[in-house]
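Reminder, nothing fancy here: chain letters follow the sequence lines and each chain counts from 1. Values in this document were obtained by computation on a predicted structure and should not be read as measured data.
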There are 2 protein chains.
Amino acid sequence: MATIRDVAKRAEVSVGTVSRVLAGTKAVKTHLRERVQAAIEELDYKPNQSARALRTNRVDVIGLVIPDITNPFFAQLAKAIETEAASHGQFVMLANTHDDPETETRQITALLDRTPRGLIVVASSDSTDATIGSEVPILSIDRRFQDRPLVCVDNWEGSVQIAEHLHSLGHRRICYISGPPNTEVGRVRRDGFVHRIRDLTTRNDPVELEVHDSRFNFESGEKIGHDILSRPSETRPTAVAAASDQIAIGVMRAARDRGLSVPMDLAVAGFDDIDVSALAFPRLTTIRQPVNALAKAVIAPIMDVSIEAQDVKLKGSLIVRGSTVTSR
Amino acid sequence: MATIRDVAKRAEVSVGTVSRVLAGTKAVKTHLRERVQAAIEELDYKPNQSARALRTNRVDVIGLVIPDITNPFFAQLAKAIETEAASHGQFVMLANTHDDPETETRQITALLDRTPRGLIVVASSDSTDATIGSEVPILSIDRRFQDRPLVCVDNWEGSVQIAEHLHSLGHRRICYISGPPNTEVGRVRRDGFVHRIRDLTTRNDPVELEVHDSRFNFESGEKIGHDILSRPSETRPTAVAAASDQIAIGVMRAARDRGLSVPMDLAVAGFDDIDVSALAFPRLTTIRQPVNALAKAVIAPIMDVSIEAQDVKLKGSLIVRGSTVTSR
DNA sequence: TTGTACGCGTTATCAA
DNA sequence: TTGATAACGCGTACAA
C-alpha cells in the first residue's frame, strides 16, 4: 500500500505539500498540484484512514443505536439516516439494543470509544439513566434518549389529525390503543388524541372514548383487538386508533379472525406509515412520518457545528386509505 | 482523555507493562498487574481505538453492504449479522446500495479503505465486475457477489420442498413466479422447482407448469397475480409458488382484489419466511431461512482465519400455513 | 519479567 | 507557498 511518503517522493515534493493537495483547502501552486495528483493516480494511493483518525481524532462515522432493525419503521429510519450520512461522506455504524437498556448503554459507550462524528439513538423503551460523558454530539430520534435533543414527527398534531378524521366520519364510540406510557412518544400520541376527542365532545354530541395501554408491536394489537371485539356490537367501539401501524394491523387481524369487516364494522387507523401499511388489507389509514426530513434534521447538527442541536418537530401527513373509508 | 502513559505513570510501571496487561496474553507479575488495573480503573482509561488501528492495521469492524435495509428479509439478515458480529466484539458498518451497481462498488471500496476485518455483501441484482483487490476477506450472503464465496440457504432444495408440498396437495396446474434470472438465487430457486415438478410429472398424472419471470418485490407479484387470475378458472393455475414472500403476498393481494379466496381458489406459497408472512391473511406457507445460522457461517471465516471461506449451503424448513392448506 | 525506544501514516506547526 | 519535523497513542522488538 502506497503511503503519503511514496507519493511525495514520486512527485518530488514534500509530504506537507501532498497533504495540502489532499485537503484541497490550502493553496498549492498548480504545477505542483498536478504532479501530486498524477503520482496519486499512478500509485493508486489511498490515505490511511486510521492514521488520519489518530491525528485528527475523528472518524468518518456516525453511530446509530436502535432497538431492532427488523422493526419496519426503524428500518426506514435507518435507511434514511444511512443515505443522508453517505451524502456527507459518513458511514453508519449500526447497533441493535434488542430493547435492552443494558445493551444500549454498552453499545453506546463502545461506539463512543471510536470517536464517531456523532451518535444517533432511538432509545429502548426503558432507557437507563447511566451517565454518558462525551464530546461528540448525541441526539435521539423518534424515541428520546435520556435528556438528549429529540428529532421526531409532531406526534401530538398527528394524533389530532387522526382524531378529527375519525370524528368527521361520524364515529362516536372510539377506542385508542396507546404505546407504552413509559415512552415519551407513547404518551404524547395518546394525550394528543384524547385531548382532541375531549374537545370535540359536546353535551349534544357526546363521544365515548376508551383508552388501552399497549406496546407498539403487532401481537399487542392483536390481543387487545380480540379483547375489544369480543364485546357485543352495541358496546363495541366503531373505530380504533392505534399508536402504531403494527398495532393497527394486529387489530385488523383480530377483526378478520372474528368475521368483522374493516372499515364497515370497524374503522382502524395507525401511525408511522410503514411500507406494509399499503400492503395490508384493507390498506391502512395512517400518519406518514417524514423520514427523510427527520434524517436530515438529525444529521445536520452533527455535520455542521454552527447548527445547534435541539428538539425538532416535523409535521406528519394524514394518509387516508381503505381501513377507515370505503370507496374505490 | 487518559492515555496509556498516564496509566503507566500512575501505576509506576512502564507503558510496555500496561500494554501487556491490556493484551492479557503475555505474562505480568500479579502485583504489577493489579496496580495497572487499579490505575486503569481510577483514570477511566480507554485505549484509543484509532491509535490501535494504525498500529495493528485492523479495526473491530465488519462491513455490510446490502441493497436495501427496508427489505424485511435483508433486515432480518442484518440483525442476525450484527448480533453475531457483536458477540465477537465487532461493530457493523452498514451501506445500502439501492440496488445500484455503481453505488455498490463505491461503497465497497470506501469500506475497504477502513481496513475492516471483513466485508459481507448481498449483491445488487446486476453486480458489477469491477475488480476489487483487498487483503480482507469478502464474502457474499444470500446473493452472490462476483465470484466470492456465498453463504445461503439451499435454494434448490427449498424449492423442491415447496414443489412436493403443492403436488402432494393435489395441485396439477401450477404457476411458478421466478426471481430475476440474472441473479443466481433467482435461477436456482426456479430451476429446483421446475426440475422437481417435471420429475413428478407422469404420463398418467400430468402436471401443467407455467413459469413467469419477475422481480422479488411485492409490486411484481401483484401485477403478475392479476395477469394470471384474469383468466377463466378452467385454465387458471390452482397454485402459485413464488420466489419470495413479497411476491407471494402480492399475489394474495391480487387474488383478494379479484374476490378469489386463498387457499380454496388459489394456493400460494412463498420463500424466506419474513416476519410479515405470519401477519398476512391467510398466513403464508413458505421456506424459512435459517438466518442466525447463516450469519454465524458468514462471520466464522472472517473471525477465525483457520476457517476457509467457501460456499456454505444450509437447509431451509418448510413452514405450512393457511395459504396452502385450510384447517384450524 | 520489565523498561526503553522506535515506527505506524497522517496532519499541523514553524521556519525558510 | 513550500519543506522539515514534531506530535497523535499504541504495540512490540530488543535490551536489561
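Between Leu119(B) and Val65(B), the shortest heavy-atom contact is CD1-CG2, 4.5 Å. Taking both residues in full, the closest heavy atoms of Gly316(B) and Pro290(B) are given as CA-CD, 4.4 Å, listed atom of the first, atom of the second, then distance.
Contact footprint of chain A on DNA chain D: nucleotides with an atom under 4.0 Å from a non-hydrogen protein atom, first to last in 5' to 3' order, dT1(D) to dG9(D). Contact footprint of chain B on DNA chain C: nucleotides with an atom under 4.0 Å from a non-hydrogen protein atom, first to last in 5' to 3' order, dT1(C) to dG9(C).
Counting non-hydrogen atoms of neighbouring residues, nucleotides and ligands closer than 6.0 angstrom, the NZ atom of Lys46(B) exceeds 12 such neighbours. Heavy atoms of other residues, nucleotides or ligands lying less than 6.0 angstrom from CG of Asp304(B) number more than 12. Under a cut-off of 6.0 angstrom, the local environment of CD in Glu135(A) is sparse, with at most 12 non-hydrogen atoms contributed by other residues, nucleotides or ligands.
Annotation: salt bridge (Lys or Arg N to Asp or Glu O under 4.0 Å) contacts involving residues 62-83 of chain B, sequence neighbours excluded, comprise Asp68(A)-Lys79(B), Lys79(A)-Asp68(B). Screening residues 7-22 of chain A for salt bridge (Lys or Arg N to Asp or Glu O under 4.0 Å) gives Arg10(A)-Glu42(A) as the qualifying pairs, with residues at least two apart or on separate chains.
Side-chain atoms of Gln146(A) never come within 3.5 Å of backbone atoms of Thr131(A) as a donor-acceptor pair (strictly under, hydrogens ignored).
The line from NE2 of His88(A) to CE of Met303(A) is 6.0 Å long, rounded to the nearest 0.5 Å.
Considering only residues two or more places apart in sequence or on other chains, Thr115(A) meets the side-chain contact (heavy atoms from CB on, under 4.5 Å) condition with Asn57(A), Val59(A), Ser50(B). Shown here are the side-chain contact (heavy atoms from CB on, under 4.5 Å) partners of Ala123(A), two or more places apart in sequence or in another chain: Glu104(A), Ser127(A), Arg143(A), Phe145(A). A search for side-chain contact (heavy atoms from CB on, under 4.5 Å) contacts involving Ala300(A) returns Ile307(A), not counting sequence neighbours. In this view, Asp272(A) and Phe73(A), Arg189(A), Ser244(A), Asp245(A), Ile274(A), Gln289(A) satisfy the side-chain contact (heavy atoms from CB on, under 4.5 Å) rule, not counting sequence neighbours. Residues satisfying the side-chain hydrogen bond (donor to acceptor under 3.5 Å, both in side chains) criterion with Asn217(B), sequence neighbours excluded, are Ser220(B).
Listed by residue number, the members of residues 9-18 of chain B with any heavy atom below 4.0 angstrom from DNA chain C are Val13(B), Ser14(B), Val15(B), Gly16(B), Thr17(B). Shown for residues 35-48 of chain A: no residue has heavy atoms falling under 4.0 angstrom of DNA chain D.
Both Arg20(A) and Ile4(A) lie near DNA chain C, and the one whose nearest nucleotide falls closer to the 5' end is Ile4(A).
When heavy atoms are screened at a 4.0 angstrom cut-off, Thr3(B) is found touching the sugar-phosphate backbone but no base atom.
Taking the C1' atoms of five terminal pairs at each end of the helix from dT1(C)-dA16(D) to dA16(C)-dT1(D), the two resulting helix axes are inclined by 40°, rounded to 10°.
Residues Ile302(A) and Ile120(A) form a side-chain contact, since some pair of their non-hydrogen atoms from C-beta on lies under 4.5 Å apart.
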